[in-house]
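Every value quoted in this text rests on a predicted model; they were computed, and no experiment measured them. Chain letters run A, B, ... following the sequence lines, proteins first and then strands; every chain starts at 1.
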Amino acid sequence: MRFATWNVNSIKARLPRLLDWLADTAPDVVCLQETKCADDAFPTDEIGVLGYRVAAHGDGRWNGVALLSRVGLDDVRRGFPGEPGFPEPEARAISGTAAGIRFTSVYVPNGRTPEDPHYAYKLTWLAALRDALAAEVAAGPVVLTGDFNVAPTDADVWDPAGFVGATHVTAPERDALAAIRATGLRDVEARALKGDRAYTYWDYRAGMFHQNKGMRIDLVYASDPVADAVRNAYVDREARKGKGPSDHAPIVVDVDLPLHPS
DNA sequence: ATGTCCCTTCACAAGGGA
């Protein structure tokens, strides 16, 4: 089976590209982030034509996550137990079971700057996510994926020296990711299709993509039954090219696991 | 370290967020 994650930076703005990409890539399950779309405005029908069931969790203006699956989609849960808010809970996590795997699509708070209250929120949110995931990992195969807004190592940013003092690279953020992995999840590192750095995000500004000045902040965390079955994982940088891309590229993962659609 | 994009509104320009 093939699954993918993609921060689309507005599902409305990205819909034509998303539909083309779904047809070309044919993933069985897709975790989306930054849909920026209220649930009643979500393009469920357009995506459904391609054979996908859709579960969306949106605020409208900001955030927003969704799951697409053409191999069943059960036990959908929006948010997670104990999820903190800013101050109210936001649309940053959605879970569902497909092909026997518990998928969670996350859009982790950005943090803005280490001094900003949003940064403390980010750390609290990641700690609560860890607690929620610990129970999931014990229960069965898990994939936790999305935009984590954290670069796990200095090798995951184009200019580590330039990021000193910025969010996405601080020790507490990286520790929070390590704590999530310690529940029994492994970082499935996607390979780059070009060059040796598998970045997943490049700022729109200043020609960053063309200079490959990016960051690896979209991650795939999988528990052993899934991680052991990974045959291929790549960052689809082709989707970052051309007119009207998201600032993030999708990650595509192929696993040798049976599809048992429900 | 800001050359873009996307969203929204006391809306057709400007501000917020990333």
Side-chain angles (χ1 to χ4, degrees), chain A residues 5-21 31-43 46 56-66 84-93 105-126 145-152 154 156-170 173 176-177 197 199-219 235-251:
Chain A
T5 182
W6 194 5
N7 178 323
V8 291
N9 187 18
S10 169
I11 194 146
K12 284 181 214 164
R14 219 62 59 212
L15 189 60
R17 288 189 69 127
L18 174 65
L19 295 176
D20 286 348
W21 181 84
C31 298
L32 299 176
Q33 303 86 36
E34 277 206 89
T35 55
K36 298 184 175 177
C37 185
D39 292 349
D40 59 7
F42 201 90
E46 292 90 330
H57 179 31
D59 285 337
R61 181 176 189 177
W62 288 312
N63 313 312
V65 285
F86 192 72
E88 301 304 319
E90 302 174 307
R92 294 185 175 276
S105 175
V106 291
Y107 176 51
V108 175
N110 176 286
R112 298 176 188 163
T113 69
E115 300 75 29
D116 195 290
H118 209 257
Y119 176 82
Y121 167 50
K122 180 181 196 174
L123 295 179
T124 304
W125 197 92
L126 285 168
T145 189
D147 178 359
F148 283 72
N149 271 317
V150 179
D154 280 353
D156 297 316
V157 297
W158 64 276
D159 178 19
F163 275 85
V164 172
T167 58
H168 296 57
V169 301
T170 67
E173 290 166 277
L177 291 197
R197 299 257 50 88
Y199 298 136
T200 63
Y201 161 83
W202 302 260
D203 196 299
Y204 282 124
R205 293 167 287 192
M208 300 288 267
F209 177 67
H210 296 98
Q211 300 170 72
N212 199 26
K213 294 179 174 177
M215 306 174 75
R216 186 174 81 98
I217 55 175
D218 300 86
L219 305 172
V235 179
D236 185 4
R237 73 187 298 280
E238 297 299 311
R240 181 63 177 76
K241 292 182 177 178
K243 184 176 169 55
S246 171
D247 43 1
H248 295 251
I251 298 171

| field | Separation of dT4(B) P from Lys243(A) NZ (nearest whole Å) | value | 14 Å
| remark: Asp116(A) atom CG is separated from dG16(B) atom P, nearest whole Å, by 13 Å
| query | Is any side-chain heavy atom of Leu177(A) less than 4.5 Å from a side-chain heavy atom of Leu219(A)? | reply | yes
| Closest to side chain of Arg205(A), choosing from dC7(B), dA18(B), dA1(B) | dA18(B)
| remark: Of Asn63(A) and Lys12(A), the one whose closest nucleotide on DNA chain B sits nearer the 5' end is Lys12(A)
| request: Report yes if at least one side-chain N or O of Arg112(A) is closer than 4.0 Å to OP1 or OP2 of dA18(B); otherwise report no. | output: yes
| Is the closest side-chain heavy-atom distance between Lys213(A) and Arg197(A) below 4.5 Å? | no
| request: To the nearest Å, give me how far apart CG (Asn9(A)) and P (dC6(B)) are. | output: 6 Å
| remark: note: Lys36(A), atom NZ; dC7(B), atom P; distance rounded to Å ~ 6 Å
Measure all distances between protein nitrogen or oxygen atoms and nitrogen or oxygen atoms of nucleotides 9-11 of chain B, and list the pairs falling under 3.5 Å.
none

| request: Please work out whether the ring planes of Trp21(A) and Trp6(A) are parallel, tilted or perpendicular, with thresholds of 30° and 60°. | output: tilted
| said: I want to check something: taking the side chain as every heavy atom from C-beta on, are Glu46(A) and Leu15(A) in contact at a cut-off of under 4.5 Å? | reply: yes
| remark: When rounded to the nearest 0.5 Å, the distance separating CH2 of Trp202(A) from NE2 of His248(A) is 10.0 Å
| remark: Closest to the side chain of Glu34(A), out of dC5(B), dA1(B), dA18(B), is dA18(B)
| Taking for each residue the nucleotide of DNA chain B bearing the nearest heavy atom, is the 5' side occupied by Gly244(A) or by Asn7(A)? | Gly244(A)
| In terms of side-chain heavy atoms, does Lys122(A) have a donor or acceptor partner in Asn110(A) at a distance below 3.5 Å? | no
| task | Answer with base, sugar-phosphate or nothing: what part of the nucleic acid does Tyr201(A) contact at a heavy-atom distance below 4.0 Å? | result | nothing
| Candidate nucleotides dC6(B), dG3(B), dT2(B), ranked by approach to the side chain of Ala206(A) - the nearest | dG3(B)
| Once you round it to whole Å, what is the distance between C1' of dA18(B) and CG of Asp147(A)? | 10 Å
| task | Using the C1' atoms only, state how far dC6(B) lies from dA11(B), rounded to an integer number of Å. | result | 16 Å
| field | Pairwise P distance, dG16(B) and dC10(B) [rounded to whole Å] | value | 14 Å
| request: Enter syn or anti for the glycosidic conformation of dC12(B), syn applying to angles within 90° of 0. | output: syn
| Side chain to side chain, Tyr201(A) and Asn7(A), heavy atoms closer than 4.5 Å | no
| task | Can you figure out which of dC5(B), dC7(B), dA18(B) approaches the side chain of Ser10(A) most closely? | result | dC7(B)
| field | Rounded distance (Å) that lies between atom P of dG17(B) and atom NZ of Lys122(A) | value | 16 Å
| query | Quick one: are Glu90(A) and Tyr121(A) in side-chain contact, heavy atoms under 4.5 Å? | reply | yes
| With rounding to whole Å, what would you report as the distance between dA1(B) and dA14(B) at their P atoms? | 26 Å
| Roughly how many Å is it from CH2 in Trp158(A) to P in dT2(B), rounded to a whole number? | 12 Å
| field | Interatomic distance, Tyr119(A) OH vs dG17(B) C1' [rounded to whole Å] | value | 19 Å
